[in-house]
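As structure tokens, the structure follows; a few thoughts come after it.
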Number of protein chains: 2
Amino acid sequence: MNPTIKDVAKMANVSIATVSLVVHNHKRISQETKDKVLSAIEQLNYHPSHSARGLVRRNSGNVGFILTDDHFLRTEPFYTHIFIGSEFEAHENELYVLLTTINSDYNINNKLPRFILERNVDGLIIAGKVPSPFIDQLSKYSFPIIFVDYLPNTNKYSGVMIDNVKGGELATEHLIRCGNNVIAFIGGDIEHPSIRDRFNGYKNSIEKAGLNVNNEIIDYTEDYPGRPNGYNAAERLFSRSKNITAIFACNDAMAVGAMQYMKDNGIRIPYDCSIIGFDDVVSDNAIDPALSTIRVPKMEMGTEAMKLMAQMIKNNSKECRRVLLPVDLIVRDSTKRI
Amino acid sequence: MNPTIKDVAKMANVSIATVSLVVHNHKRISQETKDKVLSAIEQLNYHPSHSARGLVRRNSGNVGFILTDDHFLRTEPFYTHIFIGSEFEAHENELYVLLTTINSDYNINNKLPRFILERNVDGLIIAGKVPSPFIDQLSKYSFPIIFVDYLPNTNKYSGVMIDNVKGGELATEHLIRCGNNVIAFIGGDIEHPSIRDRFNGYKNSIEKAGLNVNNEIIDYTEDYPGRPNGYNAAERLFSRSKNITAIFACNDAMAVGAMQYMKDNGIRIPYDCSIIGFDDVVSDNAIDPALSTIRVPKMEMGTEAMKLMAQMIKNNSKECRRVLLPVDLIVRDSTKRI
DNA sequence: AGCAATTAGTTAAACGTTTAACTTATAATT
DNA sequence: AATTATAAGTTAAACGTTTAACTAATTGCT
């Protein structure tokens with residue numbers, strides 16, 4: 001049986017209230033008593049019962065972490081890094097993380113995750129784009145919600161985002177500095193705020209450099225921005241225009257797909273065509289040449305989200321707060337000065 | 001405020017004990033009363049408090065899920081699938097899953113995950129190989145532990161495994177049936193039980209076919225069995241022997257690495273050399289040709305582990321139980337009849 | 001010296017369940 | 001009719017904390 005507060009109290013010859021006060025290091029307790037109690041706690045290896053605490057505090061000590069299954073299961077461990085960041089920061093705040101996935105085609109008839117129905121979380125972190133019917137369902141609950149890497153259009157939610165526009169600019173500027181002047185863009189669903197922002201960054205830089213934004217070398221579809229999509233996008237692109245010298249892909253997965261197309265069709269990277277991705281999730285040598293990209297601070301997004309969450313829980317605040325994290329240009333071998 | 005059992009009792013005009021009995025669908029309650037209570041529960045959207053329940057039942061309702069960070073963050077979402085399986089099955093058993101990673105170089109001075117120290121889990125699922133100092137630390141705790149995809153050498157632990165020997169045999173037999181008679185093996189750390197079993201399956205089939213096991217075309221190292229390792233292994237292999245017509249890689253990641261080496265060196269797959277992997281984790285078209293492999297029922301491993309866990313928790317049993325899941329041969333385009 | 005203020009601790013109620021032990025009403029058996 | 005058995009519910013204690021309200025001892029102030 002685990003030691004309880006009573007065991008500690010008995011051992012230290014004080015009341016259980018005193019033990020509790022020491023645990024919360026309340027000022028009312030003298031140093032002498034504190035030492036006595038602390039030593040008993042140490043000896044017994046006492047840890048307060050999560051359940052008992054949750055019962056009287058009327059909270060759970062848990063934070064739900066939700067993402068869609070296709071995001072979680074994709075090849076590039078983007079969201080996995082975000083989760084790890086959250087989990088890490090949760091330790092610092094004495095919180096536990098309950099991870100669950102929802103269907104990417106969640107609809108109004110689907111059940112909400114069990115920890116929401118049973119109100120066994122004090123807050124929710126939602127990573128990546130989730131179906132809007134899911135978000136709608138959440139409105140009846142009053143716990144804080146923090147979005148990471150995706151923010152619904154309504155401006156009532158807190159979120160941790162990266163500077164996608166800036167990232168798009170950095171990538172495009174880099175390609176321009178390398179001497180390219182026919183720079184294509186490939187993206188998935190342009191309705192996705194992140195992709196749209198990256199595209200806007202692309203446009204900004206193209207225009208700033210005095211080049212013209214040419215729809216013929218801009219390709220996006222509604223499909224999931226993964227490798228197959230990148231492959232197909234590159235195929236369409238090169239069938240429309242032969243003189244493309246560089247591609248900015250909205251993420252690394254699409255970039256890798258596009259690279260595969262180029263390899264299959266004798267287009268040498270970066271000699272015939274440079275390519276840059278976004279996210280910095282492929283670092284292994286099976287991708288050749290190494291992909292230049294925009295680094296996204298994935299773990300940091302997770303930690304920032306959990307920090308925000310811990311604050312909101314502690315202050316019982318519902319105010320909407322936003323964090324914007326910077327991105328960096330990472331130059332590897334897939335982009336080359338002409 | 002969330003509705004409590006009292007609210008339900010008041011609404012249904014019964015005692016709280018009756019509500020509790022209905023929730024547990026105890027036979028002592030008449031159908032009539034049951035209906036009344038159930039309808040009140042429905043109307044109020046009542047869910048029992050996890051904390052209150054945990055307090056009296058002296059359990060947490062949580063299961064810890066542990067793996068090393070490099071396993072979790074690897075490119076192929078192998079363990080992610082296992083986790084999802086566990087999480088799914090946890091729902092069926094009214095359990096929550098607390099996921100956390102440990103360092104792959106965990107040592108005796110590292111702290112155990114918080115949920116273990118605070119005894120906030122009723123059991124532990126450990127996925128993949130973990131450092132043995134970690135396992136040693138666990139011995140002071142008495143909750144059930146289930147290993148998945150890795151079982152320490154001592155035979156005191158419960159586990160869910162796949163038939164690695166059989167998988168090795170299936171893969172090798174397939175290559176033999178395709179007409180190959182110089183079949184190489186590449187693997188990572190041969191001390192890893194799964195890799196050793198796969199290798200043993202390979203040997204079984206080679207011998208059974210009357211071929212000889214040739215150390216020159218067998219390559220393993222102590223390194224992590226990822227893509228870079230596969231690349232290097234292929235390099236060593238082809239520098240030692242030119243007439244290899246097929247490779248069995250101990251997993252898909254190493255196979256992909258080896259494929260990259262072959263592509264870089266003009267070895268056409270499968271015309272010059274066939275290759276088969278293990279795990280079935282790469283299904284995207286950026287890997288070309290599509291990789292033949294041994295399918296591992298990843299989600300099922302997760303669900304089976306959680307089923308076992310739920311039983312052990314329910315029966316308060318500590319007996320050692322094992323589940324062995326079968327694997328399948330998946331023929332794609334990287335292996336070809338000569 | 002007499003009173004107020006401060007310090008250091010204790011008491012006891014509350015949080016929302018579960019469940020053994022009890023009660024009461026009805027049915028079955030002698 | 002008296003006794004026993006069964007059915008259907010209720011009572012109350014317990015689980016391990018937190019914290020407001022209280023007490024008692026000491027110190028400070030006039």
Side-chain angles (χ1 to χ4, degrees), chain A residues 1-38 40-41 44-62 94 96 117-122 313-314 316, chain B residues 1-38 40-41 44-62 94 96 117-122 313-314 316:
Chain A
M1 203 63 260
N2 290 349
T4 73
I5 200 171
K6 280 187 192 169
D7 301 319
V8 177
K10 199 168 293 174
M11 182 162 193
N13 250 309
V14 295
S15 71
I16 62 164
T18 301
V19 176
S20 180
L21 293 173
V22 169
V23 168
H24 295 87
N25 116 61
H26 194 284
K27 45 186 172 295
R28 212 190 301 164
I29 306 296
S30 71
Q31 191 59 47
E32 196 185 3
T33 310
K34 208 180 264 185
D35 290 345
K36 238 180 7 183
V37 172
L38 251 20
I41 285 176
L44 293 170
N45 190 25
Y46 165 76
H47 290 273
S49 148
H50 202 73
S51 299
R53 207 173 240 191
L55 186 56
V56 28
R57 290 194 184 161
R58 288 127 160 275
N59 69 11
S60 67
N62 301 326
E94 309 223 295
Y96 289 112
L117 293 174
E118 300 184 357
R119 295 182 179 76
N120 192 29
V121 288
D122 303 335
I313 291 175
K314 190 179 293 173
N316 195 17
Chain B
M1 204 62 261
N2 290 348
T4 73
I5 200 171
K6 281 187 193 168
D7 301 319
V8 177
K10 198 168 293 172
M11 184 161 192
N13 249 308
V14 294
S15 72
I16 62 165
T18 301
V19 176
S20 180
L21 294 173
V22 169
V23 167
H24 295 86
N25 126 56
H26 193 285
K27 46 185 171 294
R28 210 190 302 166
I29 306 296
S30 70
Q31 191 59 48
E32 195 188 3
T33 310
K34 207 180 264 185
D35 291 346
K36 235 179 12 181
V37 172
L38 251 21
I41 286 177
L44 292 170
N45 190 23
Y46 165 76
H47 289 273
S49 148
H50 201 73
S51 298
R53 209 173 238 192
L55 187 55
V56 27
R57 292 195 185 161
R58 288 127 161 276
N59 68 13
S60 66
N62 300 326
E94 309 222 297
Y96 289 111
L117 293 173
E118 299 184 358
R119 295 183 178 74
N120 193 31
V121 288
D122 302 335
I313 291 176
K314 190 179 293 174
N316 195 19

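The sequence lines fix the lettering, A, B, ..., with proteins before strands; numbering per chain opens at 1.
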Side chains of B:N62 and B:H50: does their closest heavy-atom pair fall under 4.5 Å?
-> yes
Any side-chain heavy-atom pair of A:V19 and A:K6 under 4.5 Å = no
Can you check whether B:R53 has a side-chain N or O nearer than 4.0 Å to OP1 or OP2 of C:dT18?
-> yes
Return no unless some side-chain N or O of B:R58 is found under 4.0 Å from OP1 or OP2 of D:dG16.
-> yes
Kindly calculate the angle separating the two end axes of the helix from C:dA1-D:dT30 to C:dT30-D:dA1, each obtained from five base pairs, and round it to 10 degrees.
-> 50°
For nucleotides 9-12 of chain C, which of its nitrogen or oxygen atoms have a protein nitrogen or oxygen under 3.5 Å away, and what is each distance?
{"from": "C:dG9", "atom 1": "OP1", "to": "A:S30", "atom 2": "OG", "distance (Å)": "3.2"}
{"from": "C:dG9", "atom 1": "OP1", "to": "A:T33", "atom 2": "OG1", "distance (Å)": "2.2"}
{"from": "C:dG9", "atom 1": "OP2", "to": "A:S30", "atom 2": "N", "distance (Å)": "2.6"}
{"from": "C:dG9", "atom 1": "OP2", "to": "A:S30", "atom 2": "OG", "distance (Å)": "3.2"}
{"from": "C:dG9", "atom 1": "OP2", "to": "A:T33", "atom 2": "OG1", "distance (Å)": "3.4"}
{"from": "C:dG9", "atom 1": "N7", "to": "A:R28", "atom 2": "NH1", "distance (Å)": "3.4"}
{"from": "C:dG9", "atom 1": "O6", "to": "A:R28", "atom 2": "NH1", "distance (Å)": "2.4"}
{"from": "C:dT10", "atom 1": "OP2", "to": "A:S15", "atom 2": "N", "distance (Å)": "3.0"}
{"from": "C:dT10", "atom 1": "OP2", "to": "A:S15", "atom 2": "OG", "distance (Å)": "2.8"}
{"from": "C:dT10", "atom 1": "OP2", "to": "A:T18", "atom 2": "OG1", "distance (Å)": "2.2"}
{"from": "C:dT10", "atom 1": "O4", "to": "A:R28", "atom 2": "NH1", "distance (Å)": "3.1"}

Expressed as a whole number of angstroms, how long is the span from [X]:[atom1] to [N]:[atom2]?
| X | N | atom1 | atom2 | answer |
| --- | --- | --- | --- | --- |
| B:D35 | D:dA8 | CG | C1' | 15 Å |
| A:N59 | D:dT19 | CG | P | 10 Å |
| B:H26 | D:dT6 | NE2 | C1' | 14 Å |

Looking for any heavy atom pair under 4.0 Å, which part of the strands does A:S49 touch: base, sugar-phosphate only, or nothing?
-> sugar-phosphate
Looking across every strand, which nucleic acid part, if any, lies under 4.0 Å from A:H47 by heavy atom: base, sugar-phosphate, or nothing?
-> sugar-phosphate
So among A:V37, A:D7, A:I5, which one has a side-chain contact (heavy atoms from CB on, under 4.5 Å) with A:Y46?
-> A:I5
When you get a sec, tell me which of C:dT17, D:dC15, D:dT17 is the closest nucleotide to the side chain of A:A52?
-> D:dT17
